[in-house]
Amino acid sequence: MTTRGTGETSLPPMAECVVIGGGVIGVSCAFRLAEAGVDVLLLERGGLGGGSTAKAAGGIRSSFTTRVNVELGLRGLAAYSAFSRDFGVEIDFRRDGYLYVLTDPADVPAIGHCAELQREYGVRSHLLDPGEAQALLPLIGRDGIVAALWSPDDAKATPDAVVQGYARAARACGATLRTGVEVTGIERDGDTLTGVVTTAGYVRTGAVVCAAGAWSGRIGELAGLDLPVRPYRRQVVFTGPVPGLPEAVPLTIELPSAFYFHREGPGLAMSFSEDDGFSGFDTGYEPGEWLPRLAELAGRRIPAVLDAGVRTAWAGLYEMTPDRNQILGQSVLLSRFFYATGFSGHGFQMAPAAGELIRDLYLGREPAVDITELDVRRFDSADTAPVEHHIV
């Protein structure tokens, strides 16, 4: 049993549900719960959207390789396309598409299956030959490309604007959002939640939503649960102006190198990952051997960028799970402990769906999407979810 915090607190003494984490997943969950009439308290140890969401590329896509991810991605596209109308916040939503360029012939069948899967849901994804890919985006070098997947309905938006839109809507529905408050303990009586301990005091509650991103493993430990979410550093470079850069640039990913780029002002944002990157919470930018490798990939795929120079760079965290799929559901070991985490780079685009699904689980409704395969118990057996191959 965790010792309760002492002293005065500005937090309400009790809440029907406490959401831990103020990134895009957390504020989406808080909004949907509050909209449904739930008394919600959201706690964020930093600022809203200041963790992984602040470093997100802002991509929104349906171009995944598994059924559940296609469905979650489509819900994100639908929500963000109407976000400015529904929430009164401009999020710079643009359908510039996603373009996957393939350099290994062995990947073509899987990508072809991906396109077929998406078309079953009405998505206009289709395979291109190398010439068609270069005609679509003349900026790219054709060398080494064996095929490409073009998803014209995929999009991009501004994560911070989305966070602020959800936060404002959550407050308007009665939710309380507190920043600068860290959860340091979770109290339980057997398998029943009784409250959370924070740096600002104790809150009595019978329900918790863990939306703490890369820090979710620690929240799970506080609750006596195993949430296999680990932080991995990802680095991004922003270039100066790129000659001949068109107004519309698809978010382009080369496979299997996972080198990607998208337009950022007059230049490009570029990155790639080696395996899962560097584990841990360190977000210091370390070019080391990584930057020369990035330059090599960029020079091969988008030669015009070599004269643009590096304007700035930073590092952020991915919240990775062993099978690179998110965990969404509720614990069978601790009553009313819900989790929406481990999105492995897909959190921003799946945030609208995550909020709706957590709301439905909380209210005892049948979720709009079958998320059985995303239950955390999959890691205790051989029944893991199909691995998502499109990690950006």
Look only at the side chain of [X] and the backbone of [Y], and say whether a donor-acceptor pair between them is shorter than 3.5 Å.
X: R234; Y: L317; result: no
X: R67; Y: D370; result: yes
X: T192; Y: G190; result: no
X: T239; Y: G267; result: no
X: T53; Y: V24; result: yes
X: T205; Y: A15; result: yes
X: E187; Y: V197; result: no
X: R188; Y: A223; result: yes
X: S271; Y: Q235; result: yes
X: S62; Y: E71; result: no

Between [Y] and [X], is the closest basic N to carboxylate O distance under 4.0 Å?
X: E264; Y: R311; answer: no
X: R263; Y: D96; answer: no
X: R94; Y: E247; answer: yes
X: R218; Y: E221; answer: yes

Practice task
Could you label the plane-to-plane angle of the F261 and F259 rings as parallel, tilted or perpendicular, counting under 30° as parallel and over 60° as perpendicular?
Solution key: tilted
Practice task
Anything under 30° is parallel, anything over 60° is perpendicular, the rest tilted; go ahead and classify F281 against W215.
Solution key: parallel
Handout entry: Worked verdict on F348 versus Y80 for side chain to side chain contact (heavy atoms under 4.5 Å, CB included)
Key = CA-CA 10 Å; F348 174 65; Y80 287 137; 3.5 Å; yes
Exercise for the section: Go through the steps to decide whether E16 and Y362 satisfy the test side chain to side chain contact (heavy atoms under 4.5 Å, CB included), and finish with yes or no. Expected result: CA-CA 11 Å; E16 189 177 349; Y362 185 95; 3.1 Å; yes
Within the 3.5 Å criterion, strictly below it, is a donor on [X] or [Y] matched to an acceptor on the partner's side chain?
X: D92; Y: T158; value: yes
X: S216; Y: Y339; value: no
X: E319; Y: T341; value: yes

Exercise for the section: Check the pair E132 / L127 against side chain to side chain contact (heavy atoms under 4.5 Å, CB included), numbers first and verdict last. Expected result: CA-CA 9 Å; E132 291 172 321; L127 288 174; over 6 Å; no
Show the nearest heavy-atom pair for residues [X] and [Y], with the distance to one decimal.
X: P256; Y: D104; answer: CD-CB, 4.1 Å
X: L245; Y: G265; answer: CD2-O, 4.2 Å
X: L99; Y: A133; answer: CD2-O, 4.5 Å
X: G342; Y: T321; answer: O-CG2, 3.4 Å
X: V229; Y: G213; answer: CG1-O, 3.6 Å
X: L137; Y: P250; answer: CD1-CD, 4.0 Å

Handout entry: Geometric cation-pi criterion R168 and F31, 6.0 Å radius, 45° cone
Key = no
Fill in the blank from the handout: Only residue of Y98, Y100, W150 satisfying side-chain hydrogen bond (donor to acceptor under 3.5 Å, both in side chains) with S63 is Y100
Exercise for the section: Evaluate the criterion side chain to side chain contact (heavy atoms under 4.5 Å, CB included) for residue pair L149 and L102; output intermediate values, then yes/no. Expected result: CA-CA 8 Å; L149 175 68; L102 312 180; 5.9 Å; no
Exercise for the section: Check each of L72, L74, D360 against V369 using the side chain to side chain contact (heavy atoms under 4.5 Å, CB included) test, and report the only one that passes. Expected result: L72
Exercise for the section: Measure the OG1-CE distance between T252 and M270 for me, rounded to the nearest 0.5 Å. Expected result: 12.5 Å
Handout entry: Atom pair CG (L136) and CG (L139), whose distance is rounded to the nearest 0.5 Å
Key = 11.5 Å
Exercise for the section: Only counting residues at least two apart or in another chain, list the ones meeting side chain to side chain donor-acceptor pair (under 3.5 Å) with E182. Expected result: none
Problem - Ring centers of Y121, F64 separated by less than 6.0 Å - result: no
